[in-house]
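To keep things clear, I will list the structure first and then write my remarks on it.
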There are 2 protein chains.
Amino acid sequence: MATRPVSNPLALAVLACLWERPMYPYEITTTLRERGKEDSIRLNFGSLYSVIQQLVKKDLIEVERTEREGNRPERIVYAITPAGRQETDAWLRELIAQPVKEYPAFETGLSLLAMLPPPDAARLLQQRLARLDADLTEREALAAGDVVSRLPELFVVELTYRIAMLKAERDYVAQLAGRIERRELGGFGLWAQLHDQLAQGRSHQELAAELAPVLTAGDDPQPDEGAAPGEGHRPAP
Amino acid sequence: MATRPVSNPLALAVLACLWERPMYPYEITTTLRERGKEDSIRLNFGSLYSVIQQLVKKDLIEVERTEREGNRPERIVYAITPAGRQETDAWLRELIAQPVKEYPAFETGLSLLAMLPPPDAARLLQQRLARLDADLTEREALAAGDVVSRLPELFVVELTYRIAMLKAERDYVAQLAGRIERRELGGFGLWAQLHDQLAQGRSHQELAAELAPVLTAGDDPQPDEGAAPGEGHRPAP
DNA sequence: CTCCGGATACTCGCCCCAGAGTATTTGCGA
DNA sequence: TCGCAAATACTCTGGGGCGAGTATCCGGAG
């Protein structure tokens with residue numbers, strides 16, 4: 001099959017819990033929360049119960065029994081099936097071994113950066129930088145903190161991974177913001193000019209038409225068509 | 001408002017196209033593809049047309065005219081409204097300035113790494129490493145290639161960003177795989193032991209119960225409860 | 001002349017998911 | 001002992017997204 005029988009990653013978390021022992025749904029949420037998994041796996045009630053239904057339908061888990069404690073609502077206890085164990089194993093291996101294409105929001109934003117005036121872009125990137133730094137120091141404190149640092153590293157790899165990625169993003173953003181502020185980024189001239197003219201009231205449509213030859217560089221290389229952009233890093237006087 | 005009136009990032013791409021000039025839907029897809037945006041923004045027909053309906057309903061875009069060329073199906077040409085321009089601007093600024101919590105698949109995988117036997121984990125990480133390297137060299141070639149390198153840097157920031165992030169992930173994975181192979185990762189002893197016993201047929205449930213005290217370290221610090229894990233990096237003899 | 005493949009331009013329907021809502025119960029302070 | 005907030009354990013609903021399908025037209029090969 002091309003994709004997983006149940007695609008929501010929460011399903012994997014459910015399988016992982018039941019891998020250890022039978023549980024009822026609410027217990028699964030609290031277990032995941034206790035172990036601090038809820039910020040590497042998106043967890044909410046709505047999805048949980050529907051994901052459990054899907055898992056049952058695919059015979060990856062099954063109802064083990066129902067129990068009731070006092071007058072609380074009935075609990076339905078689920079257990080993993082052999083097929084479920086197999087699926088858990090295969091899915092997890094795939095997640096680790098196979099990078100998948102994702103679409104982070106910031107990448108989307110960057111791909112449209114030219115729409116913002118250069119000074120604004122620089123300022124907004126500085127804001128992001130500050131927020132990334134705050135997040136980073138918070139997570140580093142967590143990692144160094146009493147509770148976590150006493151835990152074997154194995155159980156906090158997702159935290160160290162996230163820290164590593166945050167650092168990389170931080171560095172990239174800092175460098176990009178700096179190069180925009182110093183007017184060094186390739187294309188700065190055109191960029192500044194575009195927004196000058198927009199500010200002076202020229203129509204988007206006209207300006208877009210002028211820019212069109214510069215930014216058409218799709219994935220099919222047609223080297224004969226290349227006009228000379230003749231664009232330098234020279235700051236505008 | 002807490003969130004954007006139309007949440008799908010594809011809507012932003014549509015607005016960005018119409019920001020330049022009126023277009024019909026199919027033209028939007030081809031434009032985005034030509035500019036190489038389709039691998040920083042998820043693009044498919046199903047979503048495109050529904051997103052356009054949503055944008056119309058929210059008065060961010062409107063029908064400008066319908067035209068027909070030869071006997072081809074009718075084209076509905078859309079134009080951005082003033083509210084649409086404002087939304088585009090605000091949304092883009094938010095994307096740049098405000099980091100948002102995301103749930104990358106690999107982080108999910110890492111958070112469950114302990115379920116795999118250590119040697120398998122190391123091997124799978126090496127596979128990921130190889131694939132990341134392949135992806136990385138491909139993208140670096142693209143960035144250095146004829147077409148792209150002639151393009152002002154401004155218009156390929158999303159590519160350099162992705163390269164930076166791929167490098168960071170690459171480094172993290174390489175380091176992690178290495179430390180597992182050399183049995184250095186904190187918790188290696190417990191980890192190897194757990195899988196030895198599983199292999200010898202002990203029940204998941206028993207073993208999970210034994211491990212429970214070690215891995216309960218939620219976000220509420222209860223320093224009095226800490227049992228001494230007494231776990232070292234010593235490789236199993 | 002005719003066939004076929006690819007481009008053009010959208011439509012449909014199912015599955016899925018998220019957030020808000022519900023009803024009970026226990027603990028705890030006043 | 002009275003209330004009130006937090007915890008327990010789900011249910012419901014509606015919209016959104018995605019893949020697969022549809023229909024037409026043009027151009028070139030044979």
Side-chain angles (χ1 to χ4, degrees), chain A residues 1-14 17 22-34 38 41-58 60 63 65-78 100-103 108 218 220, chain B residues 1-14 17 22-34 38 41-58 60 63 65-78 100-103 108 218 220:
Chain A
M1 69 203 66
T3 184
R4 292 288 141 200
V6 179
S7 63
N8 192 329
L10 181 55
L12 182 60
V14 169
C17 285
M23 293 190 190
Y24 52 94
Y26 193 82
E27 191 182 6
I28 293 175
T29 49
T30 51
T31 306
L32 289 173
R33 268 204 254 277
E34 252 170 31
E38 63 156 352
I41 298 170
R42 175 175 264 119
L43 172 57
N44 67 35
F45 291 108
S47 317
L48 179 69
Y49 288 92
S50 88
V51 148
I52 285 178
Q53 289 320 307
Q54 295 168 237
L55 287 171
V56 169
K57 198 156 61 189
K58 298 280 162 71
L60 302 175
V63 175
R65 63 182 189 280
T66 63
E67 62 179 33
R68 137 164 295 162
E69 186 173 302
N71 262 353
R72 288 291 171 76
E74 212 171 46
R75 292 168 178 167
I76 300 177
V77 179
Y78 294 89
V100 294
K101 197 170 182 359
E102 278 164 34
Y103 297 83
T108 303
D220 43 3
Chain B
M1 70 201 66
T3 183
R4 293 285 140 202
V6 179
S7 62
N8 192 331
L10 181 55
L12 182 59
V14 169
C17 285
M23 293 189 189
Y24 53 93
Y26 193 82
E27 192 183 5
I28 293 175
T29 47
T30 51
T31 306
L32 288 174
R33 268 205 253 277
E34 252 171 31
E38 62 157 351
I41 298 170
R42 174 176 263 117
L43 172 58
N44 68 35
F45 290 109
S47 315
L48 179 68
Y49 289 91
S50 89
V51 147
I52 286 179
Q53 289 320 307
Q54 294 167 238
L55 287 171
V56 169
K57 199 157 60 190
K58 297 282 162 69
L60 302 175
V63 176
R65 65 180 188 281
T66 64
E67 61 179 34
R68 135 165 299 163
E69 187 174 300
N71 261 351
R72 287 290 171 73
E74 212 171 45
R75 293 168 176 166
I76 301 177
V77 179
Y78 294 90
V100 294
K101 196 168 184 358
E102 280 164 35
Y103 297 82
T108 303
D220 44 4

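Quick note on labels: first sequence line is chain A, next is B, and so on, each numbered from 1. Keep in mind that the numbers below use all heavy atoms, side chains included, and drop hydrogens, waters and symmetry copies.
Between A/Q54 and C/dC17 there is a side-chain polar atom (N or O) within less than 4.0 angstrom of OP1 or OP2. In this structure, B/Y49 reaches the C/dC10 phosphate: one of its side-chain N or O atoms is under 4.0 Å from OP1 or OP2. The phosphate of C/dC10 has neither OP1 nor OP2 within less than 4.0 Å of any side-chain N or O from B/Y26.
To the nearest angstrom, P of C/dA7 lies 14 Å from CD of B/E34. Atom CD1 in B/I28 sits roughly 15 Å away from atom C1' in C/dT8 (whole-Å rounding). Counting to the nearest Å, the C1' atom of D/dG16 and the CG atom of B/L48 are 14 Å from each other. Rounded to an integer number of Å, the gap from CD1 of B/I52 to P of C/dC10 is 8 Å. In this entry the distance linking CZ of B/R33 with P of C/dG6 reads 16 Å, nearest Å. Between the CD atom of A/Q53 and the C1' atom of C/dC15 there is a distance of 15 Å, rounded to whole Å. For the pair A/M23 CE and D/dT8 P, the interatomic distance rounds to 15 Å; values are reported in whole Å. In this entry the distance linking NZ of B/K101 with P of C/dA18 reads 14 Å, nearest Å.
Under the rule for a side-chain hydrogen bond (donor to acceptor under 3.5 Å, both in side chains), A/Q53 has no partner lying at least two apart in sequence or in another chain. Among residues two or more places apart in sequence or in another chain, the side chain to side chain contact (heavy atoms under 4.5 Å, CB included) test is passed with A/S47 by A/N8, A/L10, A/N44. With sequence neighbours excluded, the residues forming a side chain to side chain contact (heavy atoms under 4.5 Å, CB included) with A/Y103 are A/K101, B/R42, listed by chain and number. With sequence neighbours excluded, the residues that form a side chain to side chain contact (heavy atoms under 4.5 Å, CB included) with A/F45 are A/Y26, A/T29, A/R33, A/Y49. Looking at residues two or more places apart in sequence or on another chain, you find a side chain to side chain contact (heavy atoms under 4.5 Å, CB included) between A/K58 and A/P5, A/V6, A/L60.
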Give me, pair by pair, the N or O atoms of the protein and of nucleotides 18-22 of chain D that are less than 3.5 Å apart, along with how far apart they are.
from   : atom 1 : to    : atom 2 : distance (Å)
D/dC18 : OP2    : B/S47 : OG     : 2.4
D/dG19 : OP2    : B/N44 : ND2    : 3.3

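Contact check for A/Y78 versus A/L55: no side-chain heavy atoms found under the 4.5 Å cut-off.
Within the nucleic acid shown, B/I76 comes within 4.0 Å of sugar-phosphate atoms alone, with no base atom in reach, counting heavy atoms only.
We find the CG-CD distance between A/L32 and A/E27 to be 10.5 Å, quoted to the nearest 0.5 Å.
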